[in-house]
Amino acid sequence: MQFAINYSPQAEGLWRDGRIKVDLFKCPDWPDLVAEVSKIHKVYVHFSLIMWRGGMDTVDHRLLRRWLEATETAVINTHFALARSDLAAARRISADSVVDHAARVLAPLCERFGTENIVVENIPFPAGGWMEDPLEEVADPEVISEVVRRSGCGFLLDIAHAIRACEGTGRSDVKAYLNALPVHALRELHVVGLLPEPDEQGLRQDHFALTEDDWAMTEWSLERIRAGAWKKPAVMAFEYGGVGERFAWRSDAAVIAEQAPRLYELAKSV
């Protein structure tokens with residue numbers, strides 16, 4: 001399994017100094033950044049595609065195709081996020097209506113690029129800064145599994161998002177929740193730390209250093225993959241650090257230097 005890390009100047013510096021090993025730098029879908037990072041290392045693109053409020057209607061298919069061909073990007077990720085307003089035309093909102101809507105939204109992308117090249121990513125719940133008025137059904141593992149089955153797409157598991165979804169929906173057994181997700185279709189795994197304490201909105205934010213609890217859940221997830229209970233993904237990405245104001249205060253080189261090597265070894269243990 002390949003090990004990736006969010007691209008940041010700090011991660012690049014540590015890699016250049018030989019202090020961390022990285023198979024891939026993970027970049028957001030920013031053309032200039034992808035072009036620059038591609039000059040120094042293998043890179044793959046994590047797309048901002050989201051099913052919420054027509055977020056899939058303005059997809060630049062030519063750019064997606066170019067990145068699939070010119071970088072190490074193997075799959076096009078989509079975020080399974082829907083709001084009540086997305087299903088305003090439905091007579092009633094139910095698990096079936098949510099699955100039907102998601103399948104319709106994914107269909108054009110699947111037809112153009114093939115279902116084998118599309119993955120559905122689970123999101124946190126409540127969604128916080130992601131979106132307004134999210135549907136709780138998007139956090140239901142049965143709904144997520146049915147979207148994957150109906151569409152034929154693969155699954156991108158974000159462990160921190162899953163933990164936040166459990167906390168937001170009152171589920172106490174995170175491991176049971178993870179096992180109920182479509183891990184048989186797992187193509188990519190994201191790991192990162194959660195803040196121990198909730199913020200002013202009552203949410204535990206992610207994209208921070210891993211705590212002891214985060215390490216325990218990550219190691220348990222890798223054990224599930226080794227045991228064959230979950231499909232082996234092609235990539236495990238450490239989603240710590242980044243570029244720009246949003247990540248400037250949480251791209252600590254000391255955190256990356258300490259945690260990336262341990263995660264690299266875990267990825268290679270599968």
Side-chain angles (χ1 to χ4, degrees), residues 1-6 11 20-26 44 46 72 74-75 77 79-80 116 119-125 138-149 153-196 204-241 255-270:
M1 184 163 59
Q2 290 187 295
F3 174 70
I5 187 171
N6 277 10
I20 63 171
K21 295 179 182 179
V22 178
D23 295 313
L24 300 166
F25 278 126
K26 173 176 162 286
Y44 84 101
H46 185 70
E72 298 298 314
V75 293
N77 64 287
H79 298 87
F80 181 41
E116 70 279 6
V119 293
V120 175
E121 178 179 353
N122 62 304
I123 67 161
F125 185 88
V138 301
D140 187 331
E142 292 185 9
V143 171
I144 300 170
S145 296
E146 184 61 15
V147 169
V148 168
R149 188 197 69 78
C153 297
F155 180 52
L156 191 165
L157 170 59
D158 187 308
I159 297 174
H161 288 179
I163 294 170
R164 288 181 58 185
C166 285
E167 293 174 350
T169 57
R171 292 175 168 88
S172 59
D173 193 336
V174 177
K175 292 179 179 179
Y177 179 85
L178 288 167
N179 279 325
L181 290 167
V183 288
H184 65 280
L186 191 57
R187 299 285 302 278
E188 187 171 332
L189 181 68
H190 288 179
V191 299
V192 77
L194 288 145
L195 288 180
R204 285 209 300 145
Q205 296 295 340
D206 54 7
H207 292 278
F208 291 92
L210 278 76
T211 65
E212 289 186 16
D213 287 344
D214 298 319
W215 280 114
M217 193 60 67
T218 299
E219 290 172 346
W220 176 82
S221 298
L222 270 291
E223 288 172 3
R224 299 299 290 164
I225 295 169
R226 286 191 212 98
W230 298 4
K231 183 178 179 181
K232 176 183 172 183
V235 177
M236 182 177 84
F238 181 28
E239 288 200 300
Y240 178 82
V255 169
I256 298 170
E258 177 190 0
Q259 299 198 338
R262 182 175 171 184
L263 288 168
Y264 178 89
E265 293 303 323
L266 276 174
K268 298 305 177 182
S269 72
V270 174

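These values consider heavy atoms only, across backbone and side chains, with no hydrogens, waters or symmetry-generated copies.
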Practice item. Could you tell me if the ring centre of His46 sits under 6.0 Å from that of His79? Key: yes
Heavy atoms only: give me the nearest [X]-[Y] pair and the separation to one decimal.
| X | Y | value |
| --- | --- | --- |
| Thr211 | Leu194 | CG2-O, 3.8 Å |
| Ala209 | Asp214 | O-OD2, 4.0 Å |
| Ile256 | Ala11 | CD1-N, 4.0 Å |
| Ile20 | Ala257 | CG2-CA, 4.3 Å |
| Ala180 | Ser145 | O-OG, 3.3 Å |
| Val120 | Phe80 | CG1-CB, 3.7 Å |

Rounded to the nearest 0.5 Å, how far does [atom2] of [Y] lie from [atom1] of [X]?
| X | Y | atom1 | atom2 | value |
| --- | --- | --- | --- | --- |
| Leu266 | Gln259 | CG | CD | 11.0 Å |
| Glu239 | Leu189 | CD | CG | 9.5 Å |
| Leu181 | Asp158 | CG | CG | 11.0 Å |
| Phe125 | Asp140 | CZ | CG | 11.0 Å |
| Leu178 | Trp230 | CG | CH2 | 4.5 Å |
| Asn6 | Phe238 | CG | CZ | 8.5 Å |

**Study point:** Candidate pair Ile159 and Trp220, rule side-chain contact (heavy atoms from CB on, under 4.5 Å), full reasoning
**Key:** CA-CA 11 Å; Ile159 297 174; Trp220 176 82; over 6 Å; no
Check your understanding: Just wondering, more than 12 heavy atoms not from Glu116 lying within 6.0 Å of its CD?
Key -> yes
**Study point:** Flag for Tyr44-Gln2: side-chain donor and acceptor within less than 3.5 Å
**Key:** no
Check your understanding: Heavy-atom distance under 4.5 Å between the side chains of Ile163 and Asp206, does that happen here?
Key -> no
Review point. Step by step, would you call Asn179 with Arg224 a side-chain contact (heavy atoms from CB on, under 4.5 Å)?
Key: CA-CA 9 Å; Asn179 279 325; Arg224 299 299 290 164; 3.3 Å; yes
Review point. Under the side-chain contact (heavy atoms from CB on, under 4.5 Å) criterion, do Met236 and Leu222 qualify, and how do the steps go?
Key: CA-CA 10 Å; Met236 182 177 84; Leu222 270 291; 3.8 Å; yes
Point to revise | CA sep, side-chain torsions, deciding dist, call: Glu146, Arg149, salt bridge (Lys or Arg N to Asp or Glu O under 4.0 Å) | key: CA-CA 5 Å; Glu146 184 61 15; Arg149 188 197 69 78; 2.6 Å; yes
Exercise for review: Decide side-chain contact (heavy atoms from CB on, under 4.5 Å) for Val75 and Leu156; before the verdict, give the C-alpha distance in whole Å, the side-chain angles of both, and the deciding distance to 0.1 Å.
Suggested key: CA-CA 10 Å; Val75 293; Leu156 191 165; 6.0 Å; no
Practice item. Answer yes or no: is there an ion pair linking Asp23 with Lys268, defined by an N-O contact shorter than 4.0 Å? Key: yes
